[in-house]
Amino acid sequence: MNMKKIIYIILTLLLTISCSKDDRGVAAVYVPTPAPLQIPQVFSDNILPPIIPPGNPQTLEGVALGRKLFYETLLSADNTQSCASCHAPANAFTDDTQFSEGIDGLLGARNSMPIFNAAWNYDNKFFWDGREFGLEMQATNPVENPIEMHNTWQNAVQALQNISEYSFLFEQAFGSSQITKMNVVKAIAQFERTLISANSKFDRHLLGTYTLTTAEQNGLNVFMDEAAGDCFHCHGNPNNPLWTDNKFHNNALDATFTDLGLGEITGDPNNNGWFKAPSLRNLSFTAPYMHDGRFNTLQEVINHYSDGLQSSTTNDPLMKNVSAGGNHLTPQQKSDLLAFLLSLNDTEFINNPNFQEP
Amino acid sequence: MKKYILLFAITTILFSCTKDDGVDFTTTSTPITVTFTQNFDGDAITVNEFNNLSYTNAHGETLSLTRLRYLISKIQLHKADGTTILLRDYNLVDVTNATNLSFTTTDNIPTGNYTLSFVFGFDEVDNQQNYIPLNTVSWNWPAMLGGGYHFMQMEGKYTASGSTTQEIYAYHMGTARVSTGVFEVNHFTVNLGAVTIAENQNIEIKMNIAEWYKNPFMWDLTQLNNTLMPNYTAQKHMQENGATVFSLGN
């Protein structure tokens, strides 16, 4: 038993005692075991603490339940699909197809998204177009989405309630064996917040325990040079090792849009074709790339930025060379940039035993 | 900071002594608010006007804003006796996201007459520090350009005079790189002149964006529109033009 647990048991006991003393006859309030996120040093050295909603603190029991639910096929109408079907640990919690198949075999029009460091998404906007606020709200979506798990929440909750183990686990996590949609999504969100990736070669370089190769160092320079790759305005920098700004931009993929992205949500035509900038961590595990999974390889992505930019009225001014079609990197710059991007892979993250199917 | 609090405490005590002596002179102290506004030669700019090609610079390009953030530091009041009160160590004004458009001091400021000054950007000492809130919003300036932080990011679209083709510009300011590994500071100090602090005083610091483009250097946006960060001459022109950008509101 760890120290924290002991303290909490003592606290609970004290609470019980004070209650009986007051003679109010109130039963002791059940408190699950707090399990605050372990913040990696590369984050605490550089960026603000993660966002944990006050109504859903991290607890051991909540995270364990959330992990089980994340892999739970009972959440889908025909009991074949779980969140992990489209968000697998081996793929840094996305999948390897362009569009993911829902339970009815229907395909969406968007590439699944990786899930890591989501508690550091300070604006709390989720999906490619940012339409859901907070991980809890986000998790309400896939269960009923007709092209995903195509269930009703009533059904999903009932299916869980029929299993006595779940009654017990919900009791442990939230103090009530009565399962609710809200507690399901709270548990899932707690698990998702533990998915922290901060142990790539580049992180170790920041901590002084890994020396970048010449190619990786040159690639970082291409990334940080406004006259070369110029990637850092949108995708972080060594002092913001999330490797994304979690903001919305039009990175000049298309001259006209079939998917309006952020514009669809805000109704502002100036936002048409704007999508959330993804993190550049773990790219080796997350292909294909972009909101519609149009690129299969990182070479294709780099060629896009180098020579494939498409002009449109909503281009982000940070895509500075759009009128020239790109920043025209040399073959050497491209291969260095690739080497740098690969230094952001975190294999410990995808193999972390705490994140696998329980 | 402690120094100023001490100073403030001493001042308060001194004044309360005078008061006790029955001299007809009262002083109070008050929190004050500093507000940052933006205009283009008098036309007020808020995020609602973003994306419209509404402004014409001195050289004749018509332009819009899509993003505007700038860093102000060492915001200070100076008394005639040479003492200073630091109102805020730094403030990143973000017009796009409407954050830090104003701040209210946590300490009370004695009412009275002062002059107001601030630094645009960070001076060379402050620019070496690690600011977690600024890293969090990706405000860093690349190490190869001297590191530290951006001073300003002003971006949008423009059309050249007589043209309808929209081009993009990104007017980013920070430390100037003279040559590889050789850097030159690029911040500047702005003295806004006399201010009188009354109860709950609101001080408005106005930024006239048109000035970034005209005085003394006539900025040709068709020539200088992007990749300005590593461009030494462009950085220096920004610093020169910045001198007339700010003024006090009424």
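Chain identifiers are assigned alphabetically (A, B, ...) following the order of the sequence lines, protein sequences preceding nucleic acid strands; residue numbering begins at 1 within each chain.
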**Study point:** Residue A:N239 versus chain B: region with a heavy atom under 4.5 Å
**Key:** both
Review point. Checking B:M229 against chain A: side chain, backbone, both or neither under 4.5 Å from a heavy atom?
Key: both
Check your understanding: A:S311 versus chain B, heavy atoms under 4.5 Å apart: side chain, backbone, both or neither?
Key -> neither
Review point. Quick one: what part of B:S138 sits under 4.5 Å from any heavy atom of chain A, side chain, backbone, both or neither?
Key: both
Point to revise | Short N-O contact, B:R177 and B:E184, less than 4.0 angstrom | key: no
**Study point:** Engaged part of A:N46 at the chain B interface, taking heavy atoms whose separation is under 4.5 Å
**Key:** both
Practice item. Check each atom of A:D230 against the heavy atoms of chain B and say whether the ones under 4.5 Å are side chain, backbone, both or neither. Key: neither
**Study point:** Close aromatic pair by centroid cut-off 6.0 Å: B:W141 and B:F151
**Key:** no
Review point. Can the positive tip of B:R88 be found less than 6.0 Å from the middle of the six-membered ring of B:F103, inside 45° of the ring normal?
Key: yes
Revision key, fill the gap. Of all heavy-atom pairs linking B:M173 and B:F120, the shortest is SD-CE2, 3.8 Å
Review point. At what distance, to the nearest 0.5 angstrom, does NE2 of A:H304 lie from CG of A:L309?
Key: 5.0 Å
Exercise for review: Give, as side chain, backbone, both or neither, the part of B:L228 having an atom under 4.5 angstrom from any heavy atom of chain A.
Suggested key: backbone
Review point. Quick check: are there more than 12 heavy atoms from other residues, nucleotides or ligands sitting under 6.0 Å from NZ of A:K125?
Key: no
Practice item. With a 4.5 angstrom heavy-atom cut-off, could you sort out which part of A:D45 is near chain B: side chain, backbone, both or neither? Key: backbone
